[in-house]
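Residue numbers count from 1 along this sequence.
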Amino acid sequence: MLIRTVKSNPQGWIVVGVCFLALSVISATRASLGLIMTELETDLGWSRGFVSSIAAGALIVMALTSPFIGNLLDRHGPRMIITLGLVITGVGLVLTSMVTAKWHYLLSYALLAGIGFAVVGKSIVSATIAIYFTRNRGLAVGIGSSGSTAGHLALLPALAAVLELLGWRYGYIFLGIASFALVPVAWILLRGSKIDNVKTVDAEPALTLSAKLRYLFRDRTYLALLGSYTICGFTTAGVVETHLLPYAEFCGIPRPTGALAFGVLAVFNMVGMATAGYLADRMNRPVLLASIYILRGFSFFILMLIPAYDVSLLFIFAVVFGLFDYSTIPVTTSLVASHLGLKVIGLAIGILGMFHAFGGAAGAFMGGYVYDLFNNYDWTWIAAIALAMVAGIMALTIRERRDDAELGEPLPAAG
């Protein structure tokens with residue numbers, strides 16, 4: 001079955017592989033701030049609130065640039081965009097290794113690297129993959145997007161070792177080299193990419209940007225996805241990716257142990273994305289999406305119990321949260337493709353990425369602000385629980401609608 005699936009669309013699966021590798025580097029780089037945060041506080045005397053605001057700044061840059069990048073994707077395809085994004089990220093990270101002042105860090109990481117993060121972000125990558133698939137689209141997006149957590153698993157432990165041996169400056173150099181190493185891979189393997197085999201399911205195309213925007217923002221399904229995906233950013237990129245490792249240290253957990261827990265989260269994140277992608281091809285997607293948000297919200301209760309009970313709860317949280325972390329991506333992308341069409345998917349997903357990043361920026365900033373104010377993260381986790389429930393309700397307002405051509409292999413019969 002696996003061989004048949006790959007042979008049915010070899011070019012599409014090459015794109016999935018390239019996107020998997022690119023996301024591995026970019027997502028590990030974004031998550032690295034949690035490992036480096038305490039060293040920046042010690043070495044440069046910066047507050048956690050300031051460092052968190054830099055993470056929020058990078059997310060804001062991602063938010064502001066994602067729609068433009070998505071529109072360029074609709075017009076020019078992925079080769080130039082993904083390659084350029086890797087170059088920009090590499091340059092930004094190498095420059096970040098040389099910072100001595102706050103404004104240096106703002107320009108090199110939040111601005112320059114932030115643009116690179118947007119160009120090779122999960123939203124743009126998922127839109128790229130969706131273009132090449134009709135059948136098994138959810139599975140393909142789930143597998144490609146799982147590169148975002150494979151990078152956590154492969155690179156964060158290595159980064160932690162570099163930090164222990166050489167310090168945070170060499171850590172950024174290490175990440176910059178990893179980004180540059182993928183430039184020729186993307187440029188060569190994405191050469192000659194075609195989308196001729198894609199059967200579009202959308203209505204008449206909107207030829208101008210203003211017409212596309214009117215089409216998107218008048219659609220109730222899209223508005224529900226915008227609201228829920230904004231909350232998705234708050235509860236993932238905002239509070240967990242930025243503050244989970246500092247919270248682990250706050251709870252008395254050694255940094256290498258926290259990095260290991262993040263690796264466990266990454267493993268189950270991959271499982272969650274692939275599983276959600278598989279299910280998105282075969283079941284009611286609004287119900288699936290709502291379930292993911294609600295169960296993610298409940299996982300924060302585990303995080304709040306760590307200081308009072310056992311630090312091993314960190315690993316339990318990593319497993320549970322990992323399953324419901326990025327698993328929204330293939331479901332959301334599949335809904336956009338079927339309800340709004342492929343000819344606007346780059347712009348549509350780019351705008352979703354913008355709102356996701358704004359939500360992430362709010363979460364990153366709030367986590368640092370709450371910690372500086374109360375010297376704990378309790379209200380941050382409470383806010384995440386409440387908002388996740390709201391996102392679940394938003395998802396349930398969406399009506400399921402799909403074309404038979406989207407359906408993957410049927411689920412095996414029971415018994």
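- Under a 3.5 Å cut-off, the side chain of Thr242 and the backbone N or O of Ala237 do form a donor-acceptor pair.
- Put simply, the side chain of Leu347 reaches to within 4.5 Å of the side chain of Leu213, judged on heavy atoms.
- In this structure, CG in Leu93 is found 9.0 Å from CG in Leu95, a value given to the nearest 0.5 Å.
- In this structure, the side chains of Met304 and Ile382 come closer than 4.5 Å at one or more pairs of heavy atoms.
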Would Leu314 and Leu244 count as a side-chain contact (heavy atoms from CB on, under 4.5 Å) if you check the C-alpha gap in whole Å, the side-chain angles of each, and the deciding distance to 0.1 Å?
CA-CA 9 Å; Leu314 177 64; Leu244 179 61; 3.9 Å; yes
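- Going from atom OG of Ser228 over to atom CG of Leu223 covers 10.5 Å, rounded to the nearest 0.5 Å.
- For Thr128 against Cys19, the heavy-atom pair with the smallest separation is CG2-SG, 4.2 Å.
- Side chain of Thr235 to backbone of Cys232: a donor-acceptor contact under 3.5 angstrom is found.
- Proximity of a side-chain donor or acceptor of Ser299 to a complementary backbone N or O of Phe317 within less than 3.5 Å is not detected.
- Summarising the geometry of Ala280 relative to Leu288, their closest heavy-atom pair is N-CD2, 3.8 Å, with the distance given to 0.1 Å.
- Closest heavy-atom contact between Ala118 and Ile124: O-CG1, 3.5 Å.
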Between Leu313 and Ile316, does a side-chain contact (heavy atoms from CB on, under 4.5 Å) hold up when you go through it step by step?
CA-CA 5 Å; Leu313 287 173; Ile316 297 176; 3.7 Å; yes
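- Residue Leu73 holds its CG atom at 9.0 Å from CD1 of Ile345, rounded to the nearest 0.5 Å.
- Two residues are said to be in side-chain contact when any heavy atoms from C-beta on lie closer than 4.5 Å; Leu289 and Leu225 meet this criterion.
- Going from atom CG of Leu107 over to atom OG1 of Thr96 covers 10.0 Å, rounded to the nearest 0.5 Å.
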Verdict with reasoning, Arg285 to Ser338, per side chain to side chain donor-acceptor pair (under 3.5 Å):
CA-CA 11 Å; Arg285 292 168 294 175; Ser338 62; 3.0 Å; yes
For side-chain contact (heavy atoms from CB on, under 4.5 Å), just list the numbers for Leu216 and Asp219, CA-CA rounded to whole Å, side-chain angles, deciding distance to a tenth of an Å, and then say yes or no.
CA-CA 6 Å; Leu216 292 176; Asp219 189 276; over 6 Å; no
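- Side chain of Ser97 to main chain of Val94: a donor-acceptor pair is present (N/O by atom type, distance under 3.5 Å, no hydrogens or angles).
- For Phe68, the CZ atom sits in a loose shell: 12 or fewer heavy atoms of surrounding residues, nucleotides or ligands are nearer than 6.0 Å.
- In this structure a side-chain-to-backbone donor-acceptor pair under 3.5 Å is missing from Tyr293 to Ile231.
- Side-chain contact between Thr29 and Ser179 is absent, with no heavy atoms from C-beta onward closer than 4.5 Å.
- Annotation: the span from Ile306 atom CD1 to Cys251 atom SG amounts to 5.5 Å, rounded to 0.5 Å.
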Evaluate side-chain contact (heavy atoms from CB on, under 4.5 Å) for Arg399 paired with Thr221, printing each intermediate quantity in order.
CA-CA 8 Å; Arg399 286 188 175 185; Thr221 294; 5.9 Å; no
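- Taking each heavy atom of Gly142 and Pro330 in turn, the nearest pair found is N-CB, 3.8 Å.
- The local environment of CZ in Phe217 is crowded, with over 12 non-hydrogen atoms from other residues, nucleotides or ligands closer than 6.0 Å.
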Evaluate Phe117 against Tyr109 for ring-ring contact (aromatic ring centres under 6.0 Å, His included), listing each step before the verdict.
CA-CA 10 Å; Phe117 298 160; Tyr109 187 89; 5.7 Å; yes
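- A 4.5 Å side-chain heavy-atom check between Phe324 and Ile294 finds every atom pair outside the cut-off.
- By the 4.5 Å heavy-atom criterion applied to side chains, Ile302 and Leu305 are not counted as neighbours.
- Minimum interatomic distance between Leu21 and Val185 (heavy atoms only, all atoms of both residues): CD1-CG1, 4.3 Å.
- For Val61 against Gly114, the heavy-atom pair with the smallest separation is CG1-C, 3.8 Å.
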For residues 262-275, which side-chain N or O atoms pair as donor and acceptor with protein atoms under 3.5 Å away, sequence neighbours left out?
unit_1: Asn269; atom_1: OD1; unit_2: Tyr326; atom_2: N; d: 3.1
unit_1: Asn269; atom_1: ND2; unit_2: Asp325; atom_2: OD2; d: 2.8
unit_1: Thr275; atom_1: OG1; unit_2: Val271; atom_2: O; d: 2.7

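- Considering CD of Glu39 and CG of Leu44, their distance stands at 10.0 Å, rounded to 0.5 Å.
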Name the atoms and distances for all side-chain donor-acceptor pairs under 3.5 Å in residues 348-367, with sequence neighbours left out.
unit_1: His356; atom_1: NE2; unit_2: Gly233; atom_2: N; d: 3.4

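- Inter-residue side-chain proximity for Ile253 and Tyr247 is flagged as unmet; no heavy-atom pair is nearer than 4.5 Å.
- Between Trp168 and Tyr172, the ring planes are perpendicular. Angles over 60° get that label, and only those under 30° would be called parallel.
- Ring-plane geometry between His243 and Tyr377 is classed as tilted, the angle between the planes lying from 30 to 60 degrees on a 0 to 90 degree scale.
- Between Trp46 and Phe50, the ring-plane angle classifies as perpendicular under the 30° and 60° cut-offs.
- Put simply, the side chain of Glu400 reaches to within 4.5 Å of the side chain of Leu335, judged on heavy atoms.
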